[in-house]
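One structure is given below, encoded as C-alpha coordinates.
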There are 2 protein chains.
Amino acid sequence: MRRSTPLDRLLDPALFRALGERNRLTLLACIAKCGRACSVGEVAECCSVDLSVVSRHLAALARAGVLDVEKAGRVVRYKVRYAQLAATLRGLADALDGCSPGRDEAGCDEGGCRGCC
Amino acid sequence: MRRSTPLDRLLDPALFRALGERNRLTLLACIAKCGRACSVGEVAECCSVDLSVVSRHLAALARAGVLDVEKAGRVVRYKVRYAQLAATLRGLADALDGCSPGRDEAGCDEGGCRGCC
DNA sequence: TGCGTACTTGCGTCATTGTGCAAGTATTGG
DNA sequence: CCAATACTTGCACAATGACGCAAGTACGCA
(Lines give C-alpha, C1' and ligand atoms only; values in the text may rest on other atoms or scores of the structure.)
Protein backbone atom coordinates (compact mmCIF):
# COMPACT_ATOMS: atom_id res chain seq x y z
CA MET A 1 0.00 0.00 0.00
CA ARG A 2 1.39 3.33 -1.07
CA ARG A 3 1.45 6.25 1.31
CA SER A 4 -0.74 9.22 0.54
CA THR A 5 0.93 11.80 -1.68
CA PRO A 6 0.59 15.60 -1.45
CA LEU A 7 -1.74 15.32 -4.41
CA ASP A 8 -4.10 13.02 -2.54
CA ARG A 9 -4.02 15.33 0.44
CA LEU A 10 -4.89 18.42 -1.59
CA LEU A 11 -7.56 16.91 -3.79
CA ASP A 12 -10.41 17.52 -1.40
CA PRO A 13 -13.87 16.95 -2.87
CA ALA A 14 -15.50 19.14 -0.21
CA LEU A 15 -13.51 22.21 -1.25
CA PHE A 16 -14.31 21.80 -4.92
CA ARG A 17 -17.93 21.02 -4.27
CA ALA A 18 -18.19 24.25 -2.32
CA LEU A 19 -16.72 26.11 -5.29
CA GLY A 20 -18.82 24.23 -7.82
CA GLU A 21 -21.92 26.38 -7.73
CA ARG A 22 -22.44 29.59 -9.65
CA ASN A 23 -24.07 31.65 -6.92
CA ARG A 24 -21.47 30.60 -4.39
CA LEU A 25 -18.69 31.62 -6.76
CA THR A 26 -20.40 34.94 -7.39
CA LEU A 27 -20.57 35.58 -3.68
CA LEU A 28 -16.96 34.55 -3.22
CA ALA A 29 -15.80 36.81 -6.06
CA CYS A 30 -17.79 39.66 -4.59
CA ILE A 31 -16.20 39.34 -1.17
CA ALA A 32 -12.77 38.72 -2.67
CA LYS A 33 -12.94 41.86 -4.78
CA CYS A 34 -14.14 43.92 -1.86
CA GLY A 35 -10.94 43.01 -0.08
CA ARG A 36 -12.65 43.35 3.29
CA ALA A 37 -15.13 41.48 5.45
CA CYS A 38 -18.66 41.75 4.06
CA SER A 39 -21.95 41.29 5.85
CA VAL A 40 -24.51 38.80 4.63
CA GLY A 41 -26.98 41.49 3.63
CA GLU A 42 -24.35 43.43 1.71
CA VAL A 43 -23.11 40.56 -0.34
CA ALA A 44 -26.65 39.35 -0.93
CA GLU A 45 -27.05 42.08 -3.54
CA CYS A 46 -24.54 40.29 -5.74
CA CYS A 47 -26.96 37.60 -6.78
CA SER A 48 -30.69 37.57 -7.01
CA VAL A 49 -31.57 34.81 -4.60
CA ASP A 50 -33.25 34.92 -1.25
CA LEU A 51 -31.24 36.17 1.69
CA SER A 52 -31.62 32.82 3.39
CA VAL A 53 -29.96 31.17 0.43
CA VAL A 54 -27.05 33.58 0.60
CA SER A 55 -26.72 32.87 4.30
CA ARG A 56 -26.51 29.16 3.62
CA HIS A 57 -24.03 29.60 0.77
CA LEU A 58 -21.71 31.71 2.87
CA ALA A 59 -21.91 29.23 5.72
CA ALA A 60 -21.03 26.46 3.27
CA LEU A 61 -18.01 28.38 1.99
CA ALA A 62 -16.87 28.95 5.55
CA ARG A 63 -17.30 25.26 6.32
CA ALA A 64 -15.11 24.48 3.32
CA GLY A 65 -12.40 26.77 4.67
CA VAL A 66 -12.77 29.35 1.94
CA LEU A 67 -14.22 32.10 4.10
CA ASP A 68 -13.71 33.26 7.65
CA VAL A 69 -16.64 34.38 9.73
CA GLU A 70 -16.71 37.08 12.38
CA LYS A 71 -19.78 38.16 14.29
CA ALA A 72 -20.14 41.72 15.55
CA GLY A 73 -23.42 42.28 17.27
CA ARG A 74 -26.19 41.29 14.95
CA VAL A 75 -24.00 41.64 11.89
CA VAL A 76 -22.17 38.61 10.52
CA ARG A 77 -19.22 39.33 8.29
CA TYR A 78 -17.42 36.92 6.01
CA LYS A 79 -14.00 37.46 4.55
CA VAL A 80 -11.88 35.48 2.14
CA ARG A 81 -9.06 33.38 3.53
CA TYR A 82 -6.75 34.61 0.80
CA ALA A 83 -3.55 33.06 2.08
CA GLN A 84 -4.95 29.61 2.79
CA LEU A 85 -6.85 29.38 -0.45
CA ALA A 86 -3.96 30.62 -2.56
CA ALA A 87 -1.59 28.24 -0.79
CA THR A 88 -3.90 25.29 -1.43
CA LEU A 89 -4.21 26.16 -5.11
CA ARG A 90 -0.47 26.62 -5.54
CA GLY A 91 0.24 23.44 -3.64
CA LEU A 92 -2.07 21.60 -5.97
CA ALA A 93 -0.41 23.13 -9.01
CA ASP A 94 2.99 22.11 -7.67
CA ALA A 95 1.80 18.58 -6.90
CA LEU A 96 0.50 18.26 -10.43
CA ASP A 97 3.76 19.50 -11.92
CA GLY A 98 5.52 16.99 -9.72
CA CYS A 99 3.55 14.20 -11.36
CA SER A 100 4.02 15.51 -14.86
CA PRO A 101 6.17 13.27 -17.05
CA GLY A 102 9.49 14.41 -18.42
CA ARG A 103 10.95 14.89 -15.00
CA ASP A 104 10.15 11.21 -14.71
CA GLU A 105 9.90 9.62 -11.38
CA ALA A 106 8.31 6.61 -12.94
CA GLY A 107 4.58 6.52 -12.60
CA CYS A 108 3.05 3.17 -11.86
CA ASP A 109 3.88 -0.22 -13.27
CA GLU A 110 3.28 -0.50 -16.96
CA GLY A 111 0.83 -3.28 -16.34
CA GLY A 112 -1.98 -0.96 -15.41
CA CYS A 113 -2.90 1.13 -12.42
CA ARG A 114 -2.85 -1.78 -10.03
CA GLY A 115 0.25 -0.38 -8.44
CA CYS A 116 -0.41 3.31 -8.15
CA CYS A 117 -3.92 3.74 -6.87
CA MET B 1 -20.72 48.35 -14.90
CA ARG B 2 -17.35 46.96 -14.03
CA ARG B 3 -15.43 44.88 -16.53
CA SER B 4 -14.80 41.26 -15.73
CA THR B 5 -11.67 40.69 -13.70
CA PRO B 6 -9.21 37.78 -14.00
CA LEU B 7 -10.85 36.40 -10.90
CA ASP B 8 -14.26 36.24 -12.55
CA ARG B 9 -12.73 34.62 -15.61
CA LEU B 10 -11.00 31.91 -13.60
CA LEU B 11 -13.80 31.12 -11.18
CA ASP B 12 -15.52 28.59 -13.40
CA PRO B 13 -18.23 26.55 -11.69
CA ALA B 14 -17.98 23.80 -14.30
CA LEU B 15 -14.35 23.09 -13.49
CA PHE B 16 -14.95 22.91 -9.76
CA ARG B 17 -18.09 20.86 -10.13
CA ALA B 18 -16.10 18.36 -12.17
CA LEU B 19 -13.55 18.17 -9.35
CA GLY B 20 -16.19 18.05 -6.63
CA GLU B 21 -16.82 14.34 -6.58
CA ARG B 22 -14.77 11.78 -4.72
CA ASN B 23 -14.60 9.10 -7.40
CA ARG B 24 -13.71 11.61 -10.07
CA LEU B 25 -10.89 12.95 -7.91
CA THR B 26 -9.68 9.42 -7.25
CA LEU B 27 -9.58 8.75 -10.98
CA LEU B 28 -7.83 12.04 -11.63
CA ALA B 29 -5.22 11.36 -8.95
CA CYS B 30 -4.67 7.90 -10.37
CA ILE B 31 -4.02 9.17 -13.87
CA ALA B 32 -1.97 12.09 -12.58
CA LYS B 33 0.29 9.82 -10.54
CA CYS B 34 0.72 7.43 -13.44
CA GLY B 35 2.19 10.30 -15.43
CA ARG B 36 1.00 8.76 -18.66
CA ALA B 37 -2.19 8.26 -20.60
CA CYS B 38 -4.37 5.58 -19.00
CA SER B 39 -7.11 3.52 -20.57
CA VAL B 40 -10.59 3.46 -19.09
CA GLY B 41 -10.34 -0.14 -18.02
CA GLU B 42 -6.98 0.41 -16.34
CA VAL B 43 -8.03 3.35 -14.27
CA ALA B 44 -11.33 1.70 -13.41
CA GLU B 45 -9.47 -0.44 -10.90
CA CYS B 46 -8.87 2.65 -8.79
CA CYS B 47 -12.40 2.85 -7.52
CA SER B 48 -15.01 0.20 -7.06
CA VAL B 49 -17.76 1.44 -9.32
CA ASP B 50 -19.09 0.10 -12.56
CA LEU B 51 -16.97 0.59 -15.65
CA SER B 52 -19.75 2.63 -17.21
CA VAL B 53 -19.56 5.05 -14.32
CA VAL B 54 -15.82 5.42 -14.77
CA SER B 55 -16.34 6.06 -18.45
CA ARG B 56 -18.80 8.83 -17.67
CA HIS B 57 -16.57 10.36 -15.01
CA LEU B 58 -13.57 10.47 -17.32
CA ALA B 59 -15.66 12.00 -20.08
CA ALA B 60 -16.86 14.63 -17.62
CA LEU B 61 -13.30 15.47 -16.58
CA ALA B 62 -12.34 15.78 -20.24
CA ARG B 63 -15.33 18.06 -20.86
CA ALA B 64 -14.15 20.24 -17.99
CA GLY B 65 -10.72 20.53 -19.59
CA VAL B 66 -8.95 18.53 -16.91
CA LEU B 67 -8.15 15.52 -19.05
CA ASP B 68 -7.21 14.99 -22.65
CA VAL B 69 -8.60 12.05 -24.57
CA GLU B 70 -6.91 10.04 -27.28
CA LYS B 71 -8.40 7.05 -29.01
CA ALA B 72 -6.19 4.29 -30.35
CA GLY B 73 -8.19 1.54 -31.93
CA ARG B 74 -10.66 0.31 -29.41
CA VAL B 75 -8.71 1.69 -26.47
CA VAL B 76 -9.50 5.13 -25.12
CA ARG B 77 -6.77 6.78 -23.12
CA TYR B 78 -7.09 9.80 -20.88
CA LYS B 79 -4.20 11.91 -19.67
CA VAL B 80 -3.99 14.87 -17.33
CA ARG B 81 -3.60 18.33 -18.86
CA TYR B 82 -0.93 19.18 -16.31
CA ALA B 83 0.10 22.53 -17.77
CA GLN B 84 -3.39 23.93 -18.27
CA LEU B 85 -4.65 22.80 -14.92
CA ALA B 86 -1.61 24.05 -13.02
CA ALA B 87 -1.77 27.37 -14.89
CA THR B 88 -5.43 27.80 -14.01
CA LEU B 89 -4.78 27.08 -10.35
CA ARG B 90 -1.81 29.43 -10.18
CA GLY B 91 -3.73 32.12 -12.03
CA LEU B 92 -6.50 31.82 -9.50
CA ALA B 93 -4.04 32.01 -6.62
CA ASP B 94 -2.48 35.12 -8.16
CA ALA B 95 -5.87 36.72 -8.74
CA LEU B 96 -6.78 36.11 -5.12
CA ASP B 97 -3.52 37.60 -3.88
CA GLY B 98 -4.23 40.58 -6.12
CA CYS B 99 -7.49 41.15 -4.28
CA SER B 100 -6.01 40.66 -0.85
CA PRO B 101 -5.97 43.81 1.26
CA GLY B 102 -2.77 45.40 2.46
CA ARG B 103 -1.59 46.01 -1.04
CA ASP B 104 -4.78 47.99 -1.14
CA GLU B 105 -6.30 48.91 -4.39
CA ALA B 106 -9.46 49.94 -2.68
CA GLY B 107 -12.17 47.33 -2.81
CA CYS B 108 -15.65 48.55 -3.38
CA ASP B 109 -17.44 51.54 -1.91
CA GLU B 110 -17.84 51.37 1.82
CA GLY B 111 -21.58 51.57 1.39
CA GLY B 112 -21.91 47.90 0.55
CA CYS B 113 -21.23 45.72 -2.44
CA ARG B 114 -23.44 47.75 -4.75
CA GLY B 115 -20.39 48.95 -6.56
CA CYS B 116 -18.20 45.91 -6.88
CA CYS B 117 -20.38 43.04 -7.94
C1' DT C 1 -17.60 -13.20 -40.98
C1' DG C 2 -18.06 -14.13 -36.43
C1' DC C 3 -16.45 -13.51 -31.76
C1' DG C 4 -14.32 -11.16 -28.04
C1' DT C 5 -12.61 -6.87 -26.16
C1' DA C 6 -13.22 -2.02 -24.85
C1' DC C 7 -15.77 1.09 -24.11
C1' DT C 8 -20.45 4.21 -24.47
C1' DT C 9 -25.30 5.18 -23.97
C1' DG C 10 -30.25 4.65 -22.42
C1' DC C 11 -32.96 4.09 -18.56
C1' DG C 12 -34.78 3.76 -13.95
C1' DT C 13 -33.69 4.67 -9.15
C1' DC C 14 -32.14 6.87 -5.23
C1' DA C 15 -29.64 10.51 -2.73
C1' DT C 16 -28.15 15.16 -2.67
C1' DT C 17 -28.66 19.92 -3.14
C1' DG C 18 -30.32 24.58 -4.46
C1' DT C 19 -34.29 27.34 -3.66
C1' DG C 20 -38.18 30.21 -1.49
C1' DC C 21 -41.23 30.91 2.17
C1' DA C 22 -42.25 31.20 6.77
C1' DA C 23 -40.97 31.01 11.38
C1' DG C 24 -37.33 31.39 14.79
C1' DT C 25 -33.24 33.57 17.28
C1' DA C 26 -30.21 37.29 18.56
C1' DT C 27 -29.06 42.05 19.11
C1' DT C 28 -29.74 46.99 18.95
C1' DG C 29 -32.27 51.37 19.43
C1' DG C 30 -36.17 54.07 21.02
C1' DC D 1 -39.89 46.49 27.06
C1' DC D 2 -41.19 46.63 22.39
C1' DA D 3 -40.17 46.95 17.71
C1' DA D 4 -37.01 46.71 14.05
C1' DT D 5 -32.85 44.81 12.03
C1' DA D 6 -29.88 40.97 10.63
C1' DC D 7 -29.50 36.70 10.11
C1' DT D 8 -30.54 31.43 10.63
C1' DT D 9 -33.27 27.30 10.41
C1' DG D 10 -37.23 24.07 9.25
C1' DC D 11 -39.80 22.48 5.59
C1' DA D 12 -41.42 21.24 1.07
C1' DC D 13 -40.31 20.90 -3.66
C1' DA D 14 -37.96 20.65 -8.00
C1' DA D 15 -33.75 19.77 -10.35
C1' DT D 16 -29.51 17.62 -10.69
C1' DG D 17 -26.40 13.95 -10.50
C1' DA D 18 -24.27 9.39 -9.28
C1' DC D 19 -25.05 4.71 -9.88
C1' DG D 20 -25.89 -0.13 -11.82
C1' DC D 21 -27.66 -2.86 -15.33
C1' DA D 22 -28.49 -3.93 -19.86
C1' DA D 23 -28.10 -2.98 -24.52
C1' DG D 24 -25.53 -0.78 -28.21
C1' DT D 25 -21.31 0.60 -30.88
C1' DA D 26 -16.58 0.20 -32.52
C1' DC D 27 -12.58 -2.16 -33.39
C1' DG D 28 -9.22 -6.10 -33.85
C1' DC D 29 -8.28 -10.82 -34.58
C1' DA D 30 -8.81 -15.56 -36.04
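Residue numbers start from 1 in every chain, and the chains themselves are labelled A, B, ... in the order their sequence lines are given, proteins ahead of strands. Only heavy atoms go into these numbers, but all of them, side chains included; no hydrogens, no water, no symmetry mates.
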Next on the checklist: Quick check for you: to the nearest 0.5 Å, what is the distance between B:His57 atom NE2 and B:Cys46 atom SG?
Outcome noted: 12.0 Å

Next on the checklist: If I take atom CD from residue A:Gln84 and atom CG from residue A:Leu89, how far apart are they, to the nearest 0.5 angstrom?
Outcome noted: 11.5 Å

Checking [X] now: which residues fulfil side-chain contact (heavy atoms from CB on, under 4.5 Å) with it, not counting sequence neighbours?
X       : result
B:Arg56 : B:Ser52
A:Val49 : A:Asn23, A:Cys47, A:Val53, A:Val54
A:Ala59 : A:Arg63, A:Tyr78
A:Asp94 : B:Arg90

Item to check | Residue pair B:Ile31 / B:Arg36, side-chain heavy-atom distance below 4.5 Å | outcome: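 Side chain of B:Ile31 against side chain of B:Arg36, heavy atoms only: no contact under 4.5 Å found.
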
Checklist entry - Do the non-hydrogen side-chain atoms of A:Leu7 and A:Cys99 ever get within less than 4.5 Å of each other? => result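 The answer is yes, as the side chains (C-beta and beyond) meet within the 4.5 Å cut-off.
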
Polar atoms only, N or O, under 3.5 Å: list the protein pairs with nucleotides 26-29 of chain C and their distances.
none

Item to check | Residue-phosphate contact under 4.0 Å: A:Arg24 side-chain N/O, C:dG18 OP1/OP2 | outcome: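 Checking A:Arg24 against C:dG18: at least one side-chain N or O falls below 4.0 Å of OP1 or OP2.
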
Item to check | Residue mapping more 5' on DNA chain C - nearest nucleotide basis, B:Ser52 or A:Val49 | outcome: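 Upstream on the strand: B:Ser52.
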
Checklist entry - Given the rule in the side chain to side chain contact (heavy atoms under 4.5 Å, CB included) test, do A:Leu19 and A:Leu61 qualify, once you have shown the distances and angles that lead to the verdict? => result CA-CA 8 Å; A:Leu19 298 177; A:Leu61 287 169; 4.3 Å; yes

Next on the checklist: Considering only residues two or more places apart or on different chains, which pairs with a residue in residues 20-29 of chain A satisfy salt bridge (Lys or Arg N to Asp or Glu O under 4.0 Å)?
Outcome noted: none

Checklist entry - What is the distance, rounded to the nearest whole Å, between atom CG of A:Asn23 and atom P of C:dT17? => result 16 Å

Item to check | Residues in contact with DNA chain C, drawn from residues 55-71 of chain A - heavy-atom cutoff 4.0 Å | outcome: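 Within residues 55-71 of chain A, the residues near DNA chain C are A:Arg56, A:His57.
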
Item to check | Interface limits on DNA chain D, where chain A has a heavy atom under 4.0 Å of a nucleotide atom | outcome: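 Contact boundaries, 5' end first: D:dA4 to D:dC11.
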
Next on the checklist: Could you go through B:Lys33 and A:Asp8, starting from their C-alpha distance and side-chain angles, then the distance that decides it, and tell me whether this counts as side chain to side chain contact (heavy atoms under 4.5 Å, CB included)?
Outcome noted: CA-CA 10 Å; B:Lys33 285 187 280 183; A:Asp8 294 311; 2.9 Å; yes

Hey, can you pull the donor-acceptor pairs under 3.5 Å for the side chains in residues 10-17 of chain A, sequence neighbours left out?
| residue | atom | partner | partner atom | Å |
| --- | --- | --- | --- | --- |
| A:Asp12 | OD1 | A:Ala14 | N | 3.1 |
| A:Arg17 | NE | B:Gly20 | O | 3.1 |

Next on the checklist: Using a 4.0 Å cut-off on heavy atoms, which residues in residues 8-21 of chain B reach DNA chain D? List them by number, or say none.
Outcome noted: B:Arg17, B:Glu21

Next on the checklist: Among residues at least two apart in sequence or on other chains, which ones pass salt bridge (Lys or Arg N to Asp or Glu O under 4.0 Å) with B:Asp68?
Outcome noted: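 Partners of B:Asp68 by the salt bridge (Lys or Arg N to Asp or Glu O under 4.0 Å) criterion, ordered by chain and then number, come out as B:Arg81.
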
Item to check | Net bend of the helix from C:dT1-D:dA30 to C:dG30-D:dC1, end axes of five pairs each, nearest 10 degrees | outcome: 20°

Next on the checklist: Against B:Cys30, only a single residue in B:Leu25, B:Val43, B:Val80 fulfils side chain to side chain contact (heavy atoms under 4.5 Å, CB included); can you say which?
Outcome noted: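 Among the candidates, only B:Val43 passes.
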
Next on the checklist: We want to know whether A:Asp97 and A:Ser100 form a side-chain donor-acceptor pair, criterion being a heavy-atom distance below 3.5 angstrom.
Outcome noted: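 No, no side-chain donor-acceptor pair sits under 3.5 Å.
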
